[in-house]
Each structure stands twice: as C-alpha cells, then as structure tokens.
Amino acid sequence: MSASPLIARTVPALRRAVDNLRKRKATIALVPTMGALHDGHVSLVRLAKRRASRVVVSIFVNPTQFAPTEDFGAYPRTWKSDIAKLAAEDVDIVWHPGVAAMYPEGFATRIAPEGPALAGLEDRFRPHFFGGVATVVGKLFTQVRPDVAIFGEKDFQQLRVVTQMARDLDLGVKVIGSRTVRERDGLAMSSRNVYLSPEERQTAIVLYRAMRESAGRIRAGDSIAPAMAGGADMVKAAGLVLDYYEVRHAETLAPVTSRKDGPLRILVAAKLGTTRLIDNMAV
Ligand code: PAF
C-alpha cells in the first residue's frame with residue numbers, strides 16, 4: 001500500500017518538508033493544480049516522477065485568477081479523492097495552503113506578464129486571468145523552489161506564459177509541458193467537464209473533431225483561412241458559442257498566415273451552455 005503524502009498547509013511547514021528532501025540530495029518536481037484531479041493530472045505526476053526524485057503537488061484554488069462573474073465558488077473541490085489519487089502515485093508532499101497563507105492580510109504585489117499573456121486569446125476574454133496565474137505560480141515556485149515544474153499542454157497559453165516568466169525572472173525552474181490526456185472520444189480531460197450535462201458531454205467532442213479537421217487540411221496543403229473557417233463552422237453548427245478558433249505560432253503565439261510561418265498550434269475556446277471549454281492541437 002502507498003503511504004499518504006505529507007500535507008503542508010503553511011509556508012514554514014512546506015519549507016521544513018522540502019528542506020528535509022533536499023538534505024537527502026533529492027531533486028524536486030512541482031505539479032501545480034487546483035485539485036479536482038483526473039487522469040490528466042495523474043499523467044502530470046507520472047511525468048514529474050520521471051523528471052525528479054521527489055514530487056510536490058500543490059492544490060490551491062487560486063481566487064486571483066477568477067473574475068467575480070466566474071466559477072471560483074462552484075469550482076469542484078474533491079479533497080478526499082485527490083489525496084487518494086496522489087497517495088496511489090506515491091507523491092511526497094501536498095502543498096495545500098489556505099487563501100490567508102497564500103495571500104496574507106496586506107498582500108500587495110502582483111506579477112503582470114506580457115508577451116504570450118497578451119496574445120489576444122484567453123486574455124481577450126479573461127483579462128484578469130494571467131496576472132492571477134503568474135502571481136500564484138511565481139509564489140509556488142519561490143515557496144517550493146523546485147528543479148522542474150510540470151504543466152499540462154491543455155492550457156497552452158498558460159504553459160507559454162509560465163515558461164516565459166520562469167525565464168524572464170531567472171526563477172531557476174525548468175518548465176515542462178505534458179501532453180493533453182483525452183477521453184476515448186477525444187474530449188480533453190478537464191476538471192470543468194463535470195459541469196456538462198450528458199447531452200452537452202456528447203456535443204463537446206466537436207472541439208476535438210473540428211481541430212482535427214482543420215489541422216488535417218492545413219497539413220495536406222490547404223490554405224489556413226478556409227481550413228480554419230471550416231473548423232469554426234463545425235463548432236458553431238453544433239451549437240457552441242465560439243470565443244476564438246485560431247491558429248498561431250506554437251512558441252510565440254503570434255498570428256500566422258501560412259504553414260511555413262513555423263510550428264503551428266490551433267487554439268479554441270467556446271461556451272457550451274454555461275460551461276466554457278478550451279482545447280488546442282498541434283498542426
Ligand atoms: O492550471 C491550473 O490548474 C492553474 O491555473 C494553476 C497553474 C494551478 C495556477 O493556479
């Protein structure tokens with residue numbers, strides 16, 4: 001049977017636990033999460049175990065990355081099953097601060113990322129989001145001081161933002177992206193999929209199908225504009241409301257007009273009923 005991970009709830013307790021690992025010459029991987037763990041998170045933990053000798057998973061639903069109109073209060077919280085999953089993966093430490101430990105009274109500093117954080121994708125629809133993510137991830141990095149940190153490619157713009165931040169601020173952490181884990185029918189795993197009704201769950205597959213269609217056409221030599229318009233039409237015809245359906249340079253997230261403009265990534269965000277879904281795919 002696997003041992004339960006050590007659970008740290010304050011910065012001093014976390015530091016003691018991490019220092020103990022460091023004394024034993026451990027290398028440390030951090031997997032930042034907001035809990036509601038699914039197989040996608042488990043795959044991040046497994047990659048972390050391959051990249052370091054010890055693994056810290058943070059579980060913190062970060063209020064500063066939610067707008068007042070968003071689902072902070074309703075965000076799924078599944079503590080017991082999260083800990084059981086992490087114990088089964090032999091995770092060493094779970095970092096689970098309360099809001100007051102992360103943002104103590106008088107907290108007044110914020111990281112304001114630019115570059116990929118202003119690419120005109122998620123930032124256009126959630127202008128508060130990357131400031132909140134960068135601030136909390138910056139704190140997680142300085143609290144845990146990991147050698148590597150693992151982020152899912154599912155939140156592709158977020159992955160680019162934290163990679164850039166770690167480099168720009170010399171945080172000494174290597175950021176590693178992990179491939180999106182999908183359900184058998186192609187839907188990307190996400191903690192927010194629990195919001196979907198059974199019918200919406202069926203409809204949601206269209207995002208994957210549309211991206212596969214557009215990527216296939218671009219790879220086959222079609223021009224970008226019609227290939228992307230075809231995919232966007234599929235999503236809209238299924239009844240989703242598109243925020244964006246775009247192809248960008250996979251590293252800079254700059255707009256592209258031709259396949260020759262570099263490695264390409266299709267990125268999509270759409271609302272299905274009241275649930276907002278995002279996904280992306282390499283071309
Ligand atoms: O991707 C997430 O779950 C969150 O945005 C993160 C990186 C844990 C920061 O709160």
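Just so it is clear, the values below take in all heavy atoms, side chains as well, and ignore hydrogens, waters and symmetry mates. Ligands are counted one by one from 1 in listed order, and the atoms in each one are counted from 1 as well.
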>> One thing to verify: whether Arg160 and Glu153 come together as a salt bridge, which I'm taking to mean a side-chain N less than 4.0 angstrom from a carboxylate O.
In response: no
For residues 250-257, run the donor-acceptor check on the side chains, cut-off 3.5 Å, and write out each pair with its distance to 0.1 Å, sequence neighbours left out.
residue: Thr252; atom: OG1; partner: Ala254; partner atom: N; Å: 3.1
residue: Thr257; atom: OG1; partner: Asp261; partner atom: OD2; Å: 3.3

>> The criterion is side-chain hydrogen bond (donor to acceptor under 3.5 Å, both in side chains); which residues satisfy it with Ser58, sequence neighbours excluded?
In response: none
N/O to N/O under 3.5 Å, ligand 1 against protein:
residue: ligand 1; atom: 1 (O); partner: Gln158; partner atom: NE2; Å: 2.8
residue: ligand 1; atom: 5 (O); partner: Gln65; partner atom: NE2; Å: 2.9
residue: ligand 1; atom: 5 (O); partner: Gln158; partner atom: OE1; Å: 2.7
residue: ligand 1; atom: 10 (O); partner: Gln65; partner atom: OE1; Å: 2.7

> Just wondering, do Phe107 and Met102 contact through their side chains at under 4.5 Å, heavy atoms?
Replying inline: no
>> Looking at every heavy atom in both Gln157 and Leu121, which two are closest together, and how far apart are they?
In response: OE1-CB, 3.3 Å
>> Suppose clustering is done on Ile, Leu, Val, Met, Phe, Trp and Tyr with side-chain heavy atoms closer than 4.5 Å. Which residues sit in the same group as Leu44?
In response: Ile7, Val31, Leu37, Val45, Leu47, Val55, Val57, Ile59, Trp79, Ile83, Leu86, Val91, Val94, Val148, Ile150, Ile176
